[in-house]
Amino acid sequence: MKGEEMREEDSLLINVHNLLTIGSFILDQAEKNLKVLGEILSSCEKGKRDSINRCVLFELTDSIDLMVLCEEIDKNLSNPLISPECMASLNNLKKETRSIICNLKVLENALSQYTVCPLMTNGHAIN
(Lines give C-alpha, C1' and ligand atoms only; values in the text may rest on other atoms or scores of the structure.)
Protein backbone atom coordinates (compact mmCIF):
# COMPACT_ATOMS: atom_id res chain seq x y z
CA MET A 1 0.00 0.00 0.00
CA LYS A 2 2.86 2.36 0.81
CA GLY A 3 4.31 1.95 -2.69
CA GLU A 4 0.99 2.86 -4.33
CA GLU A 5 0.69 5.96 -2.15
CA MET A 6 4.22 7.04 -3.10
CA ARG A 7 3.46 6.57 -6.78
CA GLU A 8 0.32 8.68 -6.40
CA GLU A 9 2.31 11.41 -4.65
CA ASP A 10 5.05 11.22 -7.32
CA SER A 11 2.43 11.44 -10.05
CA LEU A 12 0.80 14.40 -8.31
CA LEU A 13 4.16 16.14 -7.99
CA ILE A 14 4.85 15.62 -11.70
CA ASN A 15 1.39 16.95 -12.59
CA VAL A 16 1.90 20.04 -10.43
CA HIS A 17 5.36 20.60 -11.90
CA ASN A 18 3.92 20.33 -15.43
CA LEU A 19 1.10 22.72 -14.52
CA LEU A 20 3.60 25.24 -13.14
CA THR A 21 5.79 24.91 -16.25
CA ILE A 22 2.90 25.27 -18.69
CA GLY A 23 1.41 28.04 -16.56
CA SER A 24 4.66 29.98 -16.65
CA PHE A 25 4.75 29.69 -20.45
CA ILE A 26 1.14 30.90 -20.74
CA LEU A 27 1.87 33.82 -18.40
CA ASP A 28 4.99 34.77 -20.39
CA GLN A 29 2.90 34.89 -23.58
CA ALA A 30 0.18 36.91 -21.87
CA GLU A 31 2.74 39.37 -20.49
CA LYS A 32 4.12 39.86 -24.00
CA ASN A 33 0.58 40.54 -25.21
CA LEU A 34 0.10 43.05 -22.40
CA LYS A 35 3.25 44.86 -23.47
CA VAL A 36 2.13 44.98 -27.10
CA LEU A 37 -1.33 46.17 -26.08
CA GLY A 38 0.19 48.88 -23.89
CA GLU A 39 2.33 50.08 -26.79
CA ILE A 40 -0.68 50.11 -29.14
CA LEU A 41 -2.76 52.05 -26.62
CA SER A 42 0.03 54.55 -26.12
CA SER A 43 0.35 55.03 -29.89
CA CYS A 44 -3.40 55.51 -30.24
CA GLU A 45 -3.57 57.99 -27.38
CA LYS A 46 -0.67 59.99 -28.83
CA GLY A 47 -2.28 60.05 -32.26
CA LYS A 48 0.52 58.04 -33.84
CA ARG A 49 -1.95 55.30 -34.67
CA ASP A 50 -5.59 55.70 -35.63
CA SER A 51 -6.99 52.30 -34.78
CA ILE A 52 -6.50 48.62 -34.03
CA ASN A 53 -8.12 45.83 -35.97
CA ARG A 54 -10.85 44.20 -33.85
CA CYS A 55 -9.56 40.73 -34.73
CA VAL A 56 -6.06 41.63 -33.56
CA LEU A 57 -7.44 43.09 -30.33
CA PHE A 58 -9.45 39.93 -29.72
CA GLU A 59 -6.43 37.73 -30.36
CA LEU A 60 -4.21 39.75 -28.02
CA THR A 61 -6.79 39.91 -25.22
CA ASP A 62 -8.09 36.35 -25.46
CA SER A 63 -7.83 35.01 -21.92
CA ILE A 64 -9.36 31.54 -22.32
CA ASP A 65 -6.01 29.83 -21.71
CA LEU A 66 -5.59 31.90 -18.55
CA MET A 67 -9.06 30.99 -17.30
CA VAL A 68 -8.46 27.29 -17.98
CA LEU A 69 -5.14 27.61 -16.13
CA CYS A 70 -6.98 29.01 -13.09
CA GLU A 71 -9.44 26.10 -13.21
CA GLU A 72 -6.60 23.57 -13.33
CA ILE A 73 -4.86 25.31 -10.44
CA ASP A 74 -8.08 25.18 -8.40
CA LYS A 75 -8.45 21.45 -9.11
CA ASN A 76 -4.93 20.83 -7.83
CA LEU A 77 -5.30 23.09 -4.80
CA SER A 78 -8.25 21.01 -3.63
CA ASN A 79 -6.06 17.89 -3.45
CA PRO A 80 -5.07 17.18 0.18
CA LEU A 81 -1.86 15.41 -0.91
CA ILE A 82 -0.30 18.62 -2.25
CA SER A 83 2.66 19.80 -0.22
CA PRO A 84 2.67 23.29 1.31
CA GLU A 85 5.49 24.30 -1.07
CA CYS A 86 3.52 23.22 -4.13
CA MET A 87 0.40 24.89 -2.75
CA ALA A 88 2.29 28.16 -2.31
CA SER A 89 3.64 27.96 -5.88
CA LEU A 90 0.19 27.23 -7.27
CA ASN A 91 -1.35 30.09 -5.28
CA ASN A 92 1.30 32.49 -6.61
CA LEU A 93 0.66 31.31 -10.16
CA LYS A 94 -3.08 31.76 -9.67
CA LYS A 95 -2.59 35.28 -8.28
CA GLU A 96 -0.38 36.25 -11.25
CA THR A 97 -2.85 34.72 -13.68
CA ARG A 98 -5.82 36.59 -12.23
CA SER A 99 -3.84 39.83 -12.29
CA ILE A 100 -3.00 39.39 -15.96
CA ILE A 101 -6.64 38.59 -16.79
CA CYS A 102 -7.68 41.85 -15.08
CA ASN A 103 -4.98 43.83 -16.91
CA LEU A 104 -6.04 42.34 -20.24
CA LYS A 105 -9.64 43.40 -19.59
CA VAL A 106 -8.56 46.94 -18.67
CA LEU A 107 -6.50 47.28 -21.85
CA GLU A 108 -9.26 45.73 -23.96
CA ASN A 109 -11.73 48.29 -22.60
CA ALA A 110 -9.29 51.15 -23.14
CA LEU A 111 -8.58 50.06 -26.71
CA SER A 112 -12.21 49.36 -27.62
CA GLN A 113 -12.69 52.99 -28.63
CA TYR A 114 -9.93 52.59 -31.23
CA THR A 115 -11.10 49.32 -32.79
CA VAL A 116 -12.20 48.95 -36.37
CA CYS A 117 -13.71 45.96 -38.12
CA PRO A 118 -11.42 44.39 -40.70
CA LEU A 119 -12.31 45.03 -44.30
CA MET A 120 -13.66 41.90 -45.92
CA THR A 121 -13.06 40.76 -49.45
CA ASN A 122 -14.06 37.32 -50.70
CA GLY A 123 -14.64 36.28 -47.09
CA HIS A 124 -11.10 37.10 -45.98
CA ALA A 125 -10.10 39.95 -43.72
CA ILE A 126 -7.65 42.53 -45.01
CA ASN A 127 -5.32 43.82 -42.34
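Note that this is a predicted model, so its numbers are computed, not measured.
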Exercise. CD of Q113: more than 12 outside heavy atoms within 6.0 angstrom?
Worked result: yes
Seminar exercise, completed: For residues 101-111, the salt bridge (Lys or Arg N to Asp or Glu O under 4.0 Å) pairs (sequence neighbours left out) are K105-E108
Exercise. Would you say the side-chain atoms of N91 pair up with the backbone N or O of M87, donor to acceptor, closer than 3.5 Å?
Worked result: yes
Problem set entry | Validation row: L19, N76 side chains within 4.5 angstrom (heavy atoms) | yes
Exercise. Where do L107 and L41 land on the side-chain contact (heavy atoms from CB on, under 4.5 Å) test, with the steps shown first?
Worked result: CA-CA 8 Å; L107 283 167; L41 179 60; 3.8 Å; yes
Exercise. How many angstroms lie between atom CG of N79 and atom CG of D74, to the nearest 0.5 angstrom?
Worked result: 13.0 Å
For this session: Calculate, to the nearest 0.5 Å, the distance between atoms CG and CG belonging to N103 and L34 respectively.
Result: 5.5 Å
For this session: Go through the structure and list residues passing salt bridge (charged side-chain N to carboxylate O under 4.0 Å, His left out) with E72, not counting sequence neighbours.
Result: K75
For this session: Would you check if L27 and I100 make a side-chain contact, meaning some heavy-atom pair closer than 4.5 Å?
Result: yes
For this session: Using modelled atom types only, decide if a donor and an acceptor are shared between the side chain of S42 and the backbone of G38 within a distance under 3.5 Å.
Result: no
For this session: To the nearest 0.5 angstrom, please state how far the NZ atom of K35 sits from the CD atom of E31.
Result: 11.5 Å
Problem set entry | For E85, all residues meeting side chain to side chain donor-acceptor pair (under 3.5 Å), sequence neighbours excluded | S83
Exercise. For the atom pair CG (L104) and CG (L57), what is the distance rounded to the nearest 0.5 Å?
Worked result: 10.0 Å
Exercise. Just one of R49, R54, E45 clears the side chain to side chain contact (heavy atoms under 4.5 Å, CB included) bar with Y114, so which one?
Worked result: E45
Exercise. For K95, does its backbone N or O pair with a side-chain atom of S99 as donor and acceptor, under 3.5 Å?
Worked result: no
For this session: Examine V106 and F58 and state if one hydrophobic cluster contains both, with Ile, Leu, Val, Met, Phe, Trp and Tyr joined whenever side-chain heavy atoms are less than 4.5 Å apart.
Result: no
Problem set entry | Common cluster, I64/L66, ILVMFWY with side-chain heavy-atom separation under 4.5 Å | yes
For this session: Measure the spacing between CG of L77 and CG of L90 and express it to the nearest 0.5 Å.
Result: 5.0 Å
Problem set entry | Any N15 side-chain heavy atom under 4.5 Å of S11 side chain | yes
Problem set entry | Minimum heavy-atom distance L111-C44, with the two atoms named | CD2-SG, 4.4 Å
Exercise. Side-chain contact, heavy-atom cut-off 4.5 Å: C86 with L13?
Worked result: yes
Problem set entry | Nearest-0.5 Å distance, CG of residue L93 to OG1 of residue T21 | 10.0 Å
